[in-house]
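Residue indices begin at 1 and follow the sequence shown.
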Amino acid sequence: MLSTSYLVPTAAMAHLTFPDHCFIRYDHHHHNDHKDLRRWRIRTAAATPASACAYPLFSSQIQLTKDSSSRHKLYQEALKSARDKFTREISFQSKDKDISLAKALLYVAAEDAAFMSFNREMDARSLLNERRNVSSPLETEDWDSLEQMPLGGKTIPEWLSELDAIAKEVEAELVSRDIGCHLVEVLEAVNLILFELRGLTRSPVLVDSKHSYLHSVLDSRCGSAILLSIIYIEICRRLGITIVGSRVGEDFLIWPQTGYPEELFKVTSGHSLFAIVNGRCVEDPRSMASDLTGTSLLGLEIATNRDIIGIALANLIRLHWKRASRSNHGLMLTSPLRHVHDADEKPSMIDESNVPLLRPQDLRLAIMASERLLILQPHNWALRRDHGMMLYYNREYGKAVQELSICMAFAPEEEAEILEPFVEKLHLMRLESSWKSLGHAGQLTVP
């Protein structure tokens with residue numbers, strides 16, 4: 001499981017927790033992060049090829065064959081297009097209010113789906129090649145661009161249209177009741193359509209990946225709390241209502257933006273407007289949300305769209321890491337650091353035989369989610385450390401050394417001291433591997 005702390009740029013995310021699994025929390029930035037990163041880039045610019053890509057868009061596991069080269073190219077283009085569109089959508093050159101949560105998360109889903117679909121096709125081709133006496137053709141879906149790629153039976157534009165259709169259902173419900181545009185009635189209609197007629201429910205435990213992708217939640221009607229909040233925000237946006245949110249304890253709460261927050265807590269028909277939007281957690285005395293008032297609501301930091309996307313990505317990292325390490329119960333990303341740094345233990349040499357075997361597809365998906373989160377939070381030393389450790393577990397030692405070295409440039413001093421011996425030994429292991437590949441014998445050792 002993860003035992004790490006990532007950093008979200010706003011104070012609203014300072015106590016980010018995920019009750020479904022273990023905790024992922026976010027520490028504070030250091031004021032010299034940008035300067036340290038610039039210094040690191042200056043030192044390494046001469047050694048890094050201009051064409052080098054810090055975050056590969058797909059795994060080296062994808063192998064070209066004559067039969068699959070055209071499909072490989074198609075999926076490669078889909079992977080790159082999805083990542084590029086995601087990056088443009090959350091670009092810091094754009095105003096946060098202009099970011100579409102739905103588009104960003106559908107691009108995330110499309111990239112992961114393209115990666116998994118290609119792996120499935122390659123497995124099927126390998127199976128057919130093994131059974132040479134079987135002549136059944138391999139069924140592949142016909143598409144030639146990201147916009148046409150099927151994602152749970154629909155394309156990205158069609159899933160966006162699905163959100164439009166839900167908003168129109170809410171409008172039709174209001175018309176049928178002969179109700180005007182009073183905020184309470186509109187939100188009650190949203191709840192009716194989403195949670196009663198369409199039957200959306202919150203998944204109590206995140207173990208199935210379909211509960212963490214927007215299109216799958218719309219299809220299966222069961223998902224994580226953050227994705228249900230995102231759907232709510234997107235539907236209300238289409239109805240002209242701005243919904244904002246903030247992390248409160250273990251809950252992510254949302255409410256309509258208003259200059260009179262005390263109005264949200266006035267009880268009508270047995271419930272306050274705040275309770276109508278957030279459900280049972282607001283009335284649960286065990287929840288921190290039950291203590292909120294109009295005054296305390298003003299003291300909460302509102303999560304930006306980038307923050308909300310960051311929560312969804314952190315969920316994906318946690319989910320896929322847990323699935324990847326399923327056969328290594330209790331394995332943490334930072335476990336190797338503890339063994340190397342522990343002064344009470346005899347210093348141990350890192351070698352490939354000591355690296356636990358993890359499920360490669362789930363590990364790659366966790367790495368891909370981490371890459372996207374780093375686009376949002378490039379100076380988050382804790383996230384970069386965990387990204388480097390996932391690369392280590394994936395046996396991408398050169399990239400792991402690079403990421404962990406960047407992390408050391410602006411991590412707190414005590415954290416850098418823990419990382420340093422591990423990075424040195426990891427670098428030595430990489431050199432020794434290259435040394436042996438050239439036909440030399442013997443071991444290189446750290447003085």
Side-chain angles (χ1 to χ4, degrees), residues 1-11 13-18 21-44 54-55 310-311 313-314 317-318 321 325 330-350 354-356 363 366-367 369-394 396-430 446:
M1 62 179 178
L2 296 184
S3 62
T4 61
S5 57
Y6 298 159
L7 174 64
V8 169
T10 65
M13 310 297 287
H15 303 286
L16 182 62
T17 59
F18 299 91
H21 294 303
C22 56
F23 291 96
I24 298 181
R25 300 184 61 184
Y26 293 72
D27 299 322
H28 62 278
H29 272 304
H30 291 267
H31 296 298
N32 295 322
D33 284 356
H34 293 270
K35 295 179 181 178
D36 292 335
L37 185 56
R38 282 199 300 272
R39 285 198 295 269
W40 183 89
R41 284 173 173 165
I42 292 172
R43 290 198 304 270
T44 60
Y55 309 113
I311 297 174
L313 289 173
I317 295 172
R318 182 165 44 91
W321 168 257
S325 59
L331 178 66
M332 295 185 293
L333 281 170
T334 55
S335 295
L337 300 180
R338 184 174 64 250
H339 295 312
V340 172
H341 182 263
D342 196 336
D344 296 329
E345 292 186 11
K346 182 179 179 180
S348 57
M349 183 62 194
I350 306 171
N354 293 331
V355 182
L363 180 56
I367 291 172
S370 179
E371 290 169 358
R372 300 184 201 103
L373 193 49
L374 277 169
I375 297 173
L376 280 168
Q377 303 169 26
H379 304 104
N380 181 340
W381 70 266
L383 172 60
R384 196 171 292 276
R385 175 199 62 196
D386 291 351
H387 183 68
M389 294 307 298
M390 282 189 281
L391 291 170
Y392 159 74
Y393 282 114
N394 205 41
E396 297 179 76
Y397 302 121
K399 293 172 185 175
V401 168
Q402 182 182 26
E403 291 300 317
L404 294 174
S405 297
I406 297 174
C407 172
M408 288 171 58
F410 51 92
E413 183 177 354
E414 61 273 15
E415 296 291 342
E417 289 176 355
I418 293 174
L419 281 167
E420 186 174 5
F422 180 81
V423 173
E424 287 179 352
K425 291 187 176 183
L426 187 58
H427 182 61
L428 179 64
M429 186 177 75
R430 186 176 62 133
V446 178

Is there a side-chain contact (heavy atoms from CB on, under 4.5 Å) between I367 and E396 once you walk through the steps? CA-CA 11 Å; I367 291 172; E396 297 179 76; 4.2 Å; yes
Side-chain contact test, heavy atoms from C-beta onward, threshold under 4.5 Å: evaluate it for [X] versus [Y] and give yes or no.
{"X": "L337", "Y": "M389", "result": "yes"}
{"X": "L383", "Y": "I317", "result": "yes"}
{"X": "S370", "Y": "D386", "result": "no"}

Can you tell me which residue among L333, L373, L374, N380 is in a side chain to side chain contact (heavy atoms under 4.5 Å, CB included) with H387?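 When L333, L373, L374, N380 are each tested with H387, the side chain to side chain contact (heavy atoms under 4.5 Å, CB included) holds only for L374.
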Give me the atom names and distance for the closest heavy-atom approach of [X] to [Y].
{"X": "S405", "Y": "V423", "answer": "OG-CG1, 3.9 Å"}
{"X": "A366", "Y": "M390", "answer": "CB-SD, 3.7 Å"}
{"X": "C407", "Y": "W381", "answer": "SG-O, 3.2 Å"}
{"X": "G388", "Y": "A400", "answer": "O-CB, 3.4 Å"}
{"X": "Y397", "Y": "Y392", "answer": "CE2-O, 3.6 Å"}

Rounded to the nearest 0.5 Å, how far apart are [atom1] of [X] and [atom2] of [Y]?
{"X": "E420", "Y": "E413", "atom1": "CD", "atom2": "CD", "value": "10.5 Å"}
{"X": "H427", "Y": "L404", "atom1": "NE2", "atom2": "CG", "value": "13.0 Å"}
{"X": "M408", "Y": "L419", "atom1": "CE", "atom2": "CG", "value": "6.5 Å"}

Do the rings of F410 and H379 sit parallel, tilted or perpendicular, given the 30° and 60° boundaries?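 Taking H379 first and then F410, their aromatic rings stand perpendicular (interplane angle over 60°).
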Aromatic rings Y393 and W321: how do their planes relate, parallel, tilted or perpendicular, breaks at 30° and 60°?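 Tilted.
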In chain order, what residues pass the salt bridge (charged side-chain N to carboxylate O under 4.0 Å, His left out) check against E415, with sequence neighbours excluded? R385
